[in-house]
Amino acid sequence: MDILVVGGGGREHAICALLSQSQRAGKIYCAPGNAGIAQVAECVDIGVFDFDALTAFALEKSVGLAVIGPDDPLAAGIVDAFEEKGIPVFGPRRNAAEIEGSKAFMKDLLKKYNIPTAAYETFDDYDAALAYLRAQGAPIVVKTDGLAAGKGVTVAQTLEEAEKALHDAMVGGSFGDAGSTVVIEEFMAGEEMSILAFVDGETVRAMPAAQDHKPVYDGDKGPNTGGMGTYSPLPHIDPAIIERAVEEIVKPTAKALVDEGRPFTGVLFAGLMIEADGTPRTVEFNARFGDPETQVVLPRLSSDLLEIFLAAVNGRLADVDIRWSDDAAVCVVLASEGYPASYPKGRVITGIAEAEAGGDARVFHAGTARNAAGELVTAGGRVLGVVGRGAGIAQAREAAYAAAERIAFAGAHKRSDIAAKALAPRR
Ligand code: AMP
Ligand code: GLY
């Protein structure tokens, strides 16, 4: 069966790499893809929002399945567009993807179904929002309602910071329409983790938990990014806490979406805060695979990814075989100088073959391209995800960093403390 994967980052490279190992996979196309994806799939130069061209391509090639990677086209209804043309597609429809596309929708849903999350209020009036902010005091969290490339959230330690964030969003228009509605939320203290799950209606098959590192610098300093590194599993977290999060948060949310007439098919991704007493609460939901969570979770899958996608699309997810290996994976992101603000492109990358030569590391491309001379060059903020494997986190981490050291491009930046937390004693 031929497959079309939509997207062009590290997540899509990991998805294409796994699909290429499937027994039943024929040709894999990826739109638009990147220079690394081109090694495992045929890249097609169509943008992720060009639904007409994407569906026309899928029909022309008679693909048996489309798989959608990124959040924005999901929020814009790409799955509905494929379904209208009768093309099987793995991902949530627009009305289910709203769980990521609108924080107000997500928070209202969780409140209605008593699913644990921070207390909040939603505002579209600036004066009312400001009065509420002042009454609550700091620390407090201000979030724009719509998608804002991960930059619409301010965790404010002082009231002054919170007031500035509110003003920027609602009066200054920093986030355009995404900021005209704002969610003001109680600050939750604790440790974050990500649980991704294959979902088809009420059936939830959770993947092993992962942890991301969002701030750009060591010690969680600096502005938030799309994610500077991940690891899985989480040996320092009691498996009972992870199980509790699946039972008390992920499963009830999938059921709530069904009850609301918005059944979810695809990957539901819960961002969770584990509080000091071990209670998990929801920070956010995403309607897709995480990036770079996928780069550490999918390589640990020992079952056939295509069979899982097809089972979900055909309502058979409850019956499909899903097994995971016991080993560990650590992903270290190599980013461009300046990221997450503006960054240069076109810098020549060397050392990937050397990084992979040892056999215990794999490099997923996030933002890469070929220049006119055919050289591999940087083409994004996050450039590469270097994934190390090993029997435990310590070995996987060593493998990832040893491989990352072999790769070079001018201005490359990485965090040096990815997965350090996992080496602490179990809580
Ligand atoms: P979000 O885009 O909602 O995931 O928020 C981005 C990041 O902000 C999260 O990964 C958390 O680190 C932080 N954050 C969001 N909401 C809260 C909250 N209520 N309390 C503490 N931290 C939060
Ligand atoms: N790594 C966080 C995300 O994919 O949203």
Side-chain angles (χ1 to χ4, degrees), residues 7 9-12 14-15 69-72 74-75 97 99-107 110 116-122 133 136 138-157 161-162 165 169 175 178-179 182-196 207 209-216 220-232 266-276 279-298 331 333 335 340 364 366 381-382 385 415 418 421:
R11 162 184 51 211
E12 288 78 17
I15 292 170
D71 52 347
D72 312 328
L74 287 168
I99 193 150
E100 173 168 10
S102 164
K103 289 194 192 292
F105 169 76
M106 182 272 282
K107 295 293 290 187
L110 267 51
T117 189
Y120 72 100
E121 292 287 338
T122 303
L133 201 64
Q136 295 298 311
I140 195 153
V141 181
V142 179
K143 302 184 176 187
T144 58
D145 180 47
L147 293 171
K151 293 172 193 152
V153 175
T154 303
V155 179
Q157 294 303 331
E161 227 182 303
F175 301 102
V182 160
V183 173
I184 299 179
E185 196 173 282
E186 169 198 355
F187 170 76
M188 295 186 285
E191 183 165 355
E192 286 186 78
M193 71 170 168
S194 305
I195 296 183
L196 282 67
M207 304 181 212
Q211 219 162 37
D212 193 6
H213 300 68
K214 286 186 180 164
V216 69
D220 288 337
K221 301 276 190 312
N224 268 351
T225 67
M228 291 298 295
T230 41
Y231 60 98
S232 175
V267 172
L268 189 58
F269 164 166
L272 304 160
M273 190 70 79
I274 308 167
E275 295 182 307
T279 304
R281 286 210 286 169
T282 313
V283 177
E284 62 166 348
F285 268 104
N286 296 317
R288 52 169 174 84
F289 277 108
D291 189 341
E293 283 84 351
T294 306
Q295 290 89 313
V296 290
V297 171
L298 279 192
C331 175
V333 169
F364 293 117
R382 291 187 291 177
R415 277 182 62 158
I418 302 301
K421 244 188 278 176

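Counting starts at 1 for both ligands and their atoms, following the listed order.
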Give the atoms of ligand 1, by number and element, whose distance to some non-hydrogen atom of [X] is under 4.0 Å.
X: V141; result: 16 (N), 17 (C), 18 (C), 19 (N), 20 (N)
X: F187; result: 20 (N), 21 (C)
X: K143; result: 3 (O), 15 (C), 16 (N)
X: E185; result: 16 (N), 17 (C), 18 (C), 19 (N)
X: K214; result: 4 (O), 10 (O)
X: V155; result: 8 (O), 13 (C), 14 (N), 22 (N), 23 (C)

Worksheet item: ligand 2 and G290, any nitrogen or oxygen pair closer than 3.5 angstrom?
Response: no
Fill in: Residue pair E185, K103: steps toward the salt bridge (charged side-chain N to carboxylate O under 4.0 Å, His left out) verdict
CA-CA 11 Å; E185 196 173 282; K103 289 194 192 292; over 6 Å; no
Within a distance under 4.0 Å of any heavy atom of [X], pick out the atoms of ligand 2 and give their elements.
X: G226; answer: 1 (N), 2 (C)
X: F269; answer: 3 (C), 4 (O)
X: N286; answer: 5 (O)

Fill in: Atom pair CD (E293) and CG (N286), whose distance is rounded to the nearest 0.5 Å
8.0 Å
Worksheet entry | Interatomic distance, Q211 atom CD to L272 atom CG [nearest 0.5 angstrom] | 10.5 Å
Worksheet item: For ligand 2, is there an atom lying under 4.0 Å from some heavy atom of F289?
Response: no
Worksheet item: Going through the checks in order, is the salt bridge (charged side-chain N to carboxylate O under 4.0 Å, His left out) test met by K214 and E284?
Response: CA-CA 14 Å; K214 286 186 180 164; E284 62 166 348; 3.3 Å; yes
Restricting to non-hydrogen atoms, name the atom on [X] and the atom on [Y] that form the minimum distance, rounded to 0.1 Å.
X: D220; Y: P215; value: C-CB, 3.5 Å
X: C331; Y: I418; value: O-CG2, 3.5 Å
X: A165; Y: T154; value: CB-OG1, 3.4 Å

Worksheet item: Under 3.5 Å, N or O to N or O, is M188 touching ligand 1 that way?
Response: yes
Worksheet item: Is there any N or O on E192 that sits under 3.5 Å from an N or O of ligand 1?
Response: yes
Item to complete: Identify, for atom 2 (C) of ligand 2, the protein heavy atom at the shortest distance, and state residue, atom and that distance.
Response: D212 OD2, 3.5 Å
Discussion item. I need the contact type for E284 against ligand 1. Using non-hydrogen atoms and a strict under-4.0 Å cut-off, is it side chain, backbone, both or neither?
Written reply: side chain
Output yes when a side-chain donor or acceptor of [X] lies under 3.5 Å from a complementary backbone atom of [Y], and no otherwise.
X: T282; Y: P116; value: yes
X: H213; Y: G229; value: yes
X: R288; Y: L74; value: no

Discussion item. Quick test of your reading of the structure: of R288, E284, E293, R11, whose heavy atom lies closest to atom 5 (O) of ligand 2?
Written reply: R288
Worksheet item: Heavy-atom contacts under 4.0 Å between T230 and ligand 2: side chain, backbone, both, or neither?
Response: neither
Fill in: Test item: E100 and F269 side chains (from C-beta on) under 4.5 Å apart, heavy atoms
no
